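Contents: one structure, followed by commentary.
Bear in mind that the values here come from a model prediction, so they are computed numbers and not experimental data. Every chain is numbered from 1 and lettered A, B, ... according to where its sequence line falls, protein lines coming before strand lines. Only this structure's heavy atoms are used, side chains among them; waters, hydrogens and symmetry mates stay out.
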Number of protein chains: 2
Amino acid sequence: MTGGSYVRLEDVARHAGVSLATASRVLQGSSHRGRPEYRAKVMASAAELGYIPNPHARALAANTSDTIGLVIHDVRDPYFALIAGGAIDVATARGQFVTMACTYRDPELEARYIANLRAQRVRAIILAGSAFVDAATSKAMTTELESYYNAGGSVVSITRHRLPGDCLVVGNRSGAADLARRLVDLGHTSFALLAGTTRLVTIRDRVAGFKKGLAESGIEVDPAFEVSGTFDHDGGLRATQQLLASGRLPTCIFASNDVMALGALTALRRAGVDVPGEVSVAGFGDVVMARDFVPTLSTVHLPLEEMGAHAMELALRDERGSSPRKVTINGEVVLRESTGPAASRRRR
Amino acid sequence: MTGGSYVRLEDVARHAGVSLATASRVLQGSSHRGRPEYRAKVMASAAELGYIPNPHARALAANTSDTIGLVIHDVRDPYFALIAGGAIDVATARGQFVTMACTYRDPELEARYIANLRAQRVRAIILAGSAFVDAATSKAMTTELESYYNAGGSVVSITRHRLPGDCLVVGNRSGAADLARRLVDLGHTSFALLAGTTRLVTIRDRVAGFKKGLAESGIEVDPAFEVSGTFDHDGGLRATQQLLASGRLPTCIFASNDVMALGALTALRRAGVDVPGEVSVAGFGDVVMARDFVPTLSTVHLPLEEMGAHAMELALRDERGSSPRKVTINGEVVLRESTGPAASRRRR
DNA sequence: CCAACGCCTGAAAGCGCTTCCCGAATCGTA
DNA sequence: TACGATTCGGGAAGCGCTTTCAGGCGTTGG
């Protein structure tokens, strides 16, 4: 980036026959209303010369920028890809830029990255991804974020309580409880739980909600049926194989996210267990593949893309909300092919 | 972003008892080697005060920035999510920022975005996503990119020929031809092609390569077996249903990408057609779900994440290559459960 | 022992934009 | 018509950093 000539504001001003200050005021649009003929002239000149302001100069002078920081767990994970997609689209439509990082839930990496975003004077920071149950882990990151927030920056977090700024929280507890009720209605009485890491608040909530839903009907989960594993396809697969190896199967398996549920489905299929004839399977999240798998997966639908878009809209509000708002997004149970009436025990 | 106090270079300099210029030179590291005691003092002061340079001031003065522009088709598409993931990780590791946009193959949006990236003086632009066969469509975008390139910026494109700068090109033709040969070896003689949009260079190449591979064994594709559809799961599903409705099935279906192949698998499963017993199915790309589906999908593996990482590395080379380099990435055929020996015609 | 030569350092001039401040112009009203 | 109240435009001072330009000092060679 050495050469290259750029049209500067000064060029526009001269071309329009006004001062630099006036040109600047006109182009920022905002509330300024100068002499209409000046406005017109400046706009015309800018268009004619193909003027694009130097964002760095602007940022330096005004101490703000037109970029938003997006910090997520991992783009490769469809859950976050959807959120990011929704957020990015809104930003692009509003002429804002998005700088994105994947932090893989590493609190230290998060902290460093946030510090950099602050130095960049980003307009807002959007943070997606559940925190660890152990709040102390993310102390450094929280501090960093607070100092950004206190300096006037907007913060919007998704699924992450206790952070400054606005927050979109997913009704994990209630969604899972709803799902449990629906499954109980189908006649299920014995359940397995594939929990993934219980260190994540999100997962803990889903599990707790599910248990609560069952408890309303007096159903408890056999501890032997609570299997944990990694939070991905493979985790679901292995956990289910473990279940299969134990020789005893529940009538229904709840995985704390869709990808794990898909893994469970695969394991069952390979073992020749009929779904939903013998065992029903349900997940949480409604990631794209849930609809495309065979059998299609019953799950709790989360409007991930809309959540990303909503987060970006909150982030871009002109004025930072006087009082931080907390929006709860409730999932909706969607029963598809992977669940069915409980097979009567005798018949097996 | 109003309040907030930041440590400036001046503070560091004063604290270290040197001039601003010296502090600047030390902190940029680079080749400068001043008096060692000064170096040490400055470094220590910077660390002690928690100095983070203002990237905008730096960008303004030096006319470069520490950010890379990443322009992709769509984050939600796992193919691009993987590329983006690989690229972002490399950038983060090197202390660079990534600003990302999804342009949905809209050439006009691409052009606008690239112009903005240029104005931002990004260090490099990485562009992923096949172009349309019709080159004229992306004229504006190409022009914009050229003017960026000529101004000294680095450009790395993935799967996109004829653009200035370096290019990672996927061996679509050869990969598809390899796949075809392997399928022929399995005894298949009648093939269906689910092509998706043939307006994309990538797809056109895959189809052409596949046909070439078949032709080597004197096999041609029955025109009735060339079905096109949208480039996604649903497209593969519908195309296959169309095939099923026609009453005649090939022994093998090749979909020009994995998601379509997964759609085909779903359609066949629903219709009760055994895979690979009656029909074999293969895709292209080896997106994560290909390995996790039931049956697991035979496909051409593309090292997408590595491609993203590689692209970023090219983009971050200190000096822009004197002559733009073109790296060809060859896919590797992976036969999994969705393909098998051709069922003998008689036996059906 | 002195001149010529390097290497460092610090002062200062921008990079392109925003915004404060003040004089000029405009408007309303008596 | 004239005067104060407003509004608007232009000059100029930065925003925080890089980099040029001299000048200072320590070396080396004659």
Side-chain angles (χ1 to χ4, degrees), chain A residues 1-42 45-46 49-66 116 118-121 123 151-152, chain B residues 1-42 45-46 49-66 116 118-121 123 151-152:
Chain A
M1 293 287 352
T2 320
S5 68
Y6 295 86
V7 181
R8 289 158 311 158
L9 182 55
E10 194 191 327
D11 304 322
V12 174
R14 189 173 324 114
H15 186 275
V18 300
S19 78
L20 209 103
T22 304
S24 172
R25 281 184 284 245
V26 167
L27 286 174
Q28 286 172 63
S30 71
S31 55
H32 171 82
R33 41 184 211 310
R35 257 196 283 179
E37 65 258 43
Y38 278 17
R39 283 193 62 80
K41 259 192 190 168
V42 171
S45 300
L49 300 178
Y51 172 69
I52 301 184
N54 179 327
H56 298 298
R58 188 203 281 263
L60 184 58
N63 204 38
T64 13
S65 73
D66 280 348
N116 283 322
R118 178 159 111 89
Q120 272 193 49
R121 271 69 165 176
R123 243 196 178 33
Chain B
M1 292 292 342
T2 320
S5 68
Y6 294 86
V7 181
R8 288 160 310 157
L9 183 56
E10 193 191 329
D11 304 322
V12 175
R14 191 176 319 115
H15 187 276
V18 300
S19 79
L20 211 110
T22 303
S24 171
R25 280 185 283 245
V26 167
L27 287 174
Q28 289 172 60
S30 70
S31 56
H32 171 84
R33 42 184 210 308
R35 257 197 282 181
E37 64 256 43
Y38 278 15
R39 282 192 63 80
K41 257 191 191 168
V42 171
S45 300
L49 300 178
Y51 171 68
I52 300 184
N54 180 325
H56 298 298
R58 188 202 281 263
L60 185 57
N63 203 39
T64 11
S65 74
D66 279 349
N116 283 322
R118 178 159 111 91
Q120 271 192 50
R121 272 68 165 175
R123 241 193 180 32

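The CG-C1' distance, from A:Leu20 to D:dA13, rounds to 13 Å in whole Å. Atom CG of B:Asp11 is separated from atom P of D:dG16 by 9 Å (rounded to the nearest Å). In this structure, the CG atom of B:Leu9 is 6 Å from the P atom of D:dT18, given to the nearest Å. In this structure, B:Arg14 atom CZ and D:dG16 atom P are separated by 12 Å, rounded to whole Å. Taking atom CD on A:Glu10 and atom C1' on D:dG10, their separation rounds to 14 Å, with Å as the unit. The interatomic distance linking B:Asn54 (CG) with C:dG16 (P) rounds to 17 Å, in whole Å. Following rounding to the nearest Å, A:Lys41 (NZ) and D:dG9 (P) show an atom-to-atom distance of 12 Å. Nucleotide C:dT9 holds its P atom 13 Å from the CG atom of B:Leu27, rounded to whole Å.
Distance from the side chain of B:Ser19 is smallest to C:dG10 among C:dG10, D:dC17, D:dG10. Checked against D:dT18, C:dT19, C:dG10, the side chain of A:Arg25 finds its nearest nucleotide in C:dT19. Set against D:dG10, D:dC17, C:dA11, the side chain of B:Tyr51 has D:dC17 as its closest nucleotide. For A:Arg58, taking side-chain heavy atoms from C-beta onward, the closest of the listed nucleotides D:dG16, C:dT19, C:dC17 is C:dC17. Distances from the side chain of B:Ser24 to the nucleotides D:dG16, C:dT9, D:dT18 place D:dT18 closest. Among the nucleotides D:dT18, C:dG16, C:dC17, the one closest to any side-chain atom of A:Leu60 is C:dG16.
When side chains are defined from C-beta on, A:Thr22 counts as touching A:Tyr38, because their heavy atoms get closer than 4.5 Å. A 4.5 Å side-chain heavy-atom check between B:Thr64 and B:Arg123 finds at least one atom pair inside the cut-off.
Nearest-nucleotide positions on DNA chain C for B:Ala57 and B:Gly17 put B:Gly17 closer to the 5' end. Nearest-nucleotide assignment on DNA chain C puts the 5′-proximal partner with B:Tyr38, out of B:Ala61 and B:Tyr38.
Checking side-chain atoms of B:Arg121 against main-chain N and O of B:Ala119 turns up a donor-acceptor pair under 3.5 Å.
In this model, the phosphate group of C:dG10 is approached by a side-chain N or O of B:Thr22 to a distance below 4.0 Å at OP1 or OP2. Contact check, A:Gln28 against C:dC17: no side-chain N or O comes under 4.0 Å of OP1 or OP2. OP1 and OP2 of D:dC17 both lie 4.0 Å or more from every side-chain N or O belonging to B:Tyr6.
A:Arg121 contributes no side-chain N or O that forms a donor-acceptor pair with the base of D:dG16 under 3.5 Å.
Look at A:Lys41 and A:Glu37 and you find no salt bridge, because none of the NZ, NE, NH1 or NH2 atoms lies under 4.0 Å from a carboxylate O.
Residues forming a side chain to side chain donor-acceptor pair (under 3.5 Å) with B:Arg58 (at least two apart in sequence, or on another chain): none.
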